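In the text below, chain A, chain B and the rest are named by the order of the sequence lines, each starting its count at 1. All figures in this text were calculated on a predicted structure; none of them were measured in a lab.
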Amino acid sequence: MKNDKFNVIGRKLPRTDAYEKVTGKAQYAADIIFPNMCFTAQKRVPIPHGIIKKIDISEAEKVSGIDEIITSKDIPGTNMTGVVNNDQPVFAYDKIYCPADVVALVVGEDREAIRKALTLIKIEVDELPVLSDYTHALDNDTLLIHPENKSNLINYYPLRKGNIDKGFQESDIIIERTYTTPAIEHAYIEPECITAVPDFRKDVYKIYGSVQNPFTCRRIVAQVMKVPLANIYIIQNELGGSFGGKDDTMDILAARACVACKKVGKPVRIHLSREESIVESYKRHPYTMNYKVGVSSKGILKAMKIDILADGGAYASMSPFVTWRSVVQATGPYEVKNVHTDIRAVYTNNPYTGAMRGFGSPQIIFAQESLMDELAEKLHMSPIEIRRINGYKQNSETASGQILSNHIVSLNQVIDKATKESDFEKKYETYKARYPVEESSHSVNLILNDNQFSTGLNIKEGIGLACSFRGCSLGAEGVDATGALISIQKDGSVYLISGLAENGQGLRMTFSMIAAEILGISPDDIYYLEQDTSRVADGGPTVASRSTLVGGEAVKNAAKIVKRRIEKMLIDEWDLSERATLKFADHYIVHEGSGKKIAVSEACNKAYLNGVNLSAYGWFKAPEVDWDEEIGQGPAYFTYVYGCQIAEVEVNAASGKIFVKRVTAVHDAGQIINRMGALGQIYGGVYQGAGYGIMEEVIVKNTEIQNVNFDEYLIPTSVDVGEIKAFFIENPDTFGPFGAKSLGEPTLEITAAAINNAVSNALGKRFYHLPLDLEQIKTGKSLHHIKK
Amino acid sequence: MKKQYSFHRFTKLKPVLEFMNKNSTQSRVIAGGTDVLVDIRKGDSKFDAVKHIVDIHEIKELRNIGVKDNICRIGACCTFTEISNNEFVRSNFPVLKMAVEKIGSPQIRNISTIGGNICNLAACADSIAPLLVYDAKVRILSDNNERIVPLENILIKPYKTEIHPDEILTEILLPLPDKNWKYCFQKLGRRSGVSISRLSYAILLKSKNNKIEDIRFALGALFPIPKRLKVLEHELFQQTISPDLWKGVSRKVAQKILDETGVRWSTFYKIPALQQLLFSSLMNLT
Ligand SMILES: Cc1cc2nc3c(=O)[nH]c(=O)nc-3n(C[C@H](O)[C@H](O)[C@H](O)COP(=O)(O)OP(=O)(O)OC[C@H]3O[C@@H](n4cnc5c(N)ncnc54)[C@H](O)[C@@H]3O)c2cc1C
């Protein structure tokens, strides 16, 4: 599949690492064995909250076969770290903040000895009361998790627009609803693994592992080791999934391994079991969201008052950034003149929460899109109509006062396409007529009486829609720039690396295709280098669906620099006018006017012999964005994407079981670079979103996670979602490479909301809490098996 | 600390029985290992005294499916894939086929065995309810003894069967049912693949002139172990089929579960859901 505009871009190509991954040849962190390598075991705290009085390792140290027991005392630099606030100890030493805290690392080559020593470490503690219910974290008399902060508030963002009271006065219908969402586990298949390897040079360490963001990891390790950044090499292995989850956790594990490595002088590996992984890693934030919304009888949104509380758990981690995205996008893609939003993230003793695919959007979209459908019902409008009336159009103004003018606002386009492809309106009306909307209450008696038995079909069909807008990349969160390095060999083969790391999403292929397009070669000619912090400049983290957009543009710029040099050389040699342009395509460079032609490989050899520099650094710095923290106003992101998903479900009214029969997903991600990769993002995103919708929940009881393996933490299997119909709208963007934007997170963030609306359409009853598991549907609440 | 075991693989029945005879209290059979390996990793106390793991998965004599004298014999080490692919089982024991097809995932079904499912005796063991409605018997061998007993008789309590440490379950014996049974099997899990049963039931029904001639119920994941409801079955003999009868039956089953298990965390979900599901199934049968 080749189109006129491009040779490589937009094609459907298998990724560079597909063969190795499918055949099991790819090497993941745990596959690599270093000589004399030590294994480790982590000693976790015995209680969720308290003061450590003594850590006694004297008995444990006597176990023969272990090398060392590492505690906070062995840390050369700082013990308190964090990606935003320095509030998380690498090794707990005076205070216990949550059950995942680790006080010591037993190191040795003999795994049995390590396990034995682990049981002999004694920790003396004074217990403190526990704060697990985050809705009480800001109560006046509550206990403080980090007393030095004087409050459990991690961060607070207000957003004020217009006059909220006036807005409600102008409203004919006002509804107020509370929505809640649970903590979610990333559920990457590969658990965390990291190995710190000493170098022959003093104070130099090479760290290999399943690290999402090598540069963040390097910063934390260097800080803990008290060595310059340049002394720490983070080398990323193949990542067996991350979804935002291999950041802080990996950084801290890397720091622990490195501290141990310094002490034992041998490679030290930390490799978590699944249970440890689920206990130790951060989660997606649980949210409690209160939405009060006013609308005129014609369906025009007049006012939205939003109050959101997020459980940050024991550490701030990414809470300030996650909740910032929520405040920007909390009203959804709808014009509302009067908005009053407050969002707070708070500390508790619960598992800490941080970055996860979606990053503060799946929660608010669940609320706002459920709310839109409920409003439509109240107004006797279709879900499409209310969105058409209020949805963003070209030059609309967002809640934060940003005018959407520099890109094509395609909300209506994606909704139109999705509703057409799924035959939404007809199905919606049919199902609704079959099961008239009425509030039926859940039965409270255990034994049914005669009229509680239903003789109709148990399976009820429903269809539901949800849509979103999403700011691309980091926005006003932070510095948004990245680089890429390209180096062409004299035979035309190419080394490529960017400052952003492969996370399993297929970035290496996307970047290879971008470079190949510019240079007129094939992605197969490109060898993508292993990610190593010493090879390329710090380009920030692989997050926020920014890789293709920001990293891709840097790759494009790098390739263009080299291309220009080759072009100049050939123009000289072929005696062409200085302004002549050459066409690089299909492995040849052609001057169309004169018919002159040379193979790319030959041109590269020529360049090499002429001393032309065939390597270059490309850089891309995102356009300026801005945010006023006092009132929550400003152009938050430099461009946005739009998506709409329609879920078709079959709900078994007897058992409460939902089957997601079909999802029609339409996304405007700008120009698609690798169609196969893009489809993969949609398929994976929809599955992950469906899991959020109907089954996933990290069950936390008194700070303790109850479901610590995949027998109890359920994610969808390949038979749990039926068909996924994926479509792209490709409105080119001004900034991204060839007009590309973002796709990774948009595909996941709307699915649960669409499913919730579909379930309402099926049952004629609304739900306000995720997940929509069997018990939620049947009894109106989740029921949990709590272990003793 | 991780324990070490000695591992013994046998390909013939006789030597296993001899080995078990000598080392009964310290041995544990492994067939597919899909329960054993999970338990060992968990550090389950049932392995505290175990020193030898005895692998019987490759014993050909335990992997046949055949019919003789109107009895279908399924070897204890037959995998669920082998059972669900067997034409004879498919056409004569549709409830069993429906149940085993829903167990775990293809990978699990390719290795896990019906004998293991019975001997592990989890509340949610999916093959047991169907075997119970087909009046299955089991053949149990030790080095010096052979016995054939109704399956029901060896099911004691969760994770505990009445198979002695020196014995091996070798075969499941199923009398050939006639073709007049109407049947249904229901498994409900939280998801569609690789799913632990929240509840399951198998029902066989024979009726004439709208009167029940014979009915068999077996339930999984609702009582501590899978169970036939014989008292209820007898009560229903010659009763006239009607929606009201089925409502009453559903309620009775629910009440019996409540009486035996009391109110648990899941009761407020399970009991109402079960009644409606059972009622719908019974209505669909008739
Ligand atoms: C991912 C996964 C999904 C699963 N899904 C399901 C499911 O959907 N439904 C379900 O019912 N189960 C399920 N199981 C549980 C398990 O697969 C079944 O119980 C299976 O039938 C066990 O068979 P096995 O051959 O693997 O038994 P093993 O693990 O080898 O043995 C189980 C027990 O039986 C004993 N034993 C085995 N064979 C004999 C014999 N012939 N004589 C005497 N003792 C014997 C063993 O000593 C052991 O105590 C699942 C397990 C996993 C890991």
A/E723 CD: over 12 foreign heavy atoms closer than 6.0 Å: yes
Test item: B/Q276 side-chain N/O and A/S655 main-chain N/O as donor-acceptor pair under 3.5 Å: no
A/F659 CZ to B/S192 OG distance, which is reported to the nearest 0.5 Å: 6.0 Å
Residue A/K701 excluded, over 12 heavy atoms near NZ under 6.0 Å: no
Test salt bridge (charged side-chain N to carboxylate O under 4.0 Å, His left out) applied to B/R191 and A/E696, step by step: CA-CA 11 Å; B/R191 61 183 172 194; A/E696 290 188 44; over 6 Å; no
B/R190 side chain near A/E775 side chain, heavy-atom distance below 4.5 Å: yes
B/R251 versus A/I447, closest heavy-atom pair with distance: CD-CG2, 3.4 Å
Region of B/S195 that comes under 4.5 Å of a non-hydrogen atom in chain A: neither
Worked verdict on A/L448 versus B/I271 for side-chain contact (heavy atoms from CB on, under 4.5 Å): CA-CA 9 Å; A/L448 304 185; B/I271 293 296; over 6 Å; no
Contacting region of B/L258 [heavy-atom separation from chain A under 4.5 Å]: side chain
NZ/B/K252: more than 12 non-hydrogen atoms of other groups inside 6.0 Å: no
Over 12 non-hydrogen atoms of neighbours within 6.0 angstrom of NZ in B/K160: no
Closest approach of A/L774 to B/G189 (non-hydrogen atoms, all atoms of both residues): CD1-O, 4.2 Å
B/S266 side, atom OG; A/L783 side, atom CG - distance, nearest 0.5 Å: 8.0 Å
Under 4.5 Å from a heavy atom of chain B, the part of A/D450 involved: both
Contacts of residues 710-720 of chain A with chain B (heavy atom under 4.5 Å): A/F710, A/D711, A/L714, A/I715, A/T717, A/V719, A/D720
Any side-chain heavy-atom pair of B/F279 and A/T455 under 4.5 Å: yes
Neighbour count above 12 (heavy atom, 6.0 Å) for A/K21 NZ: yes
Full working for side-chain contact (heavy atoms from CB on, under 4.5 Å) between B/K247 and A/Q452: CA-CA 10 Å; B/K247 285 180 188 174; A/Q452 283 175 311; over 6 Å; no
Minimum heavy-atom distance A/S273-B/R41, with the two atoms named: CB-NH2, 4.1 Å
Electrostatic pair A/E112-B/K3, nearest N-O below 4.0 angstrom: no
Interface moiety of B/R198 toward chain A, non-hydrogen atoms closer than 4.5 Å: side chain
Residues, nucleotides or ligands: over 12 heavy atoms within 6.0 Å of A/Y188 OH: yes
Engaged part of B/L188 at the chain A interface, taking heavy atoms whose separation is under 4.5 Å: side chain
Nearest heavy-atom neighbours spanning B/T267 and A/L446: O-CD2, 3.8 Å
Side chain proximity check, B/Y269 to A/K781, heavy atoms < 4.5 angstrom: no
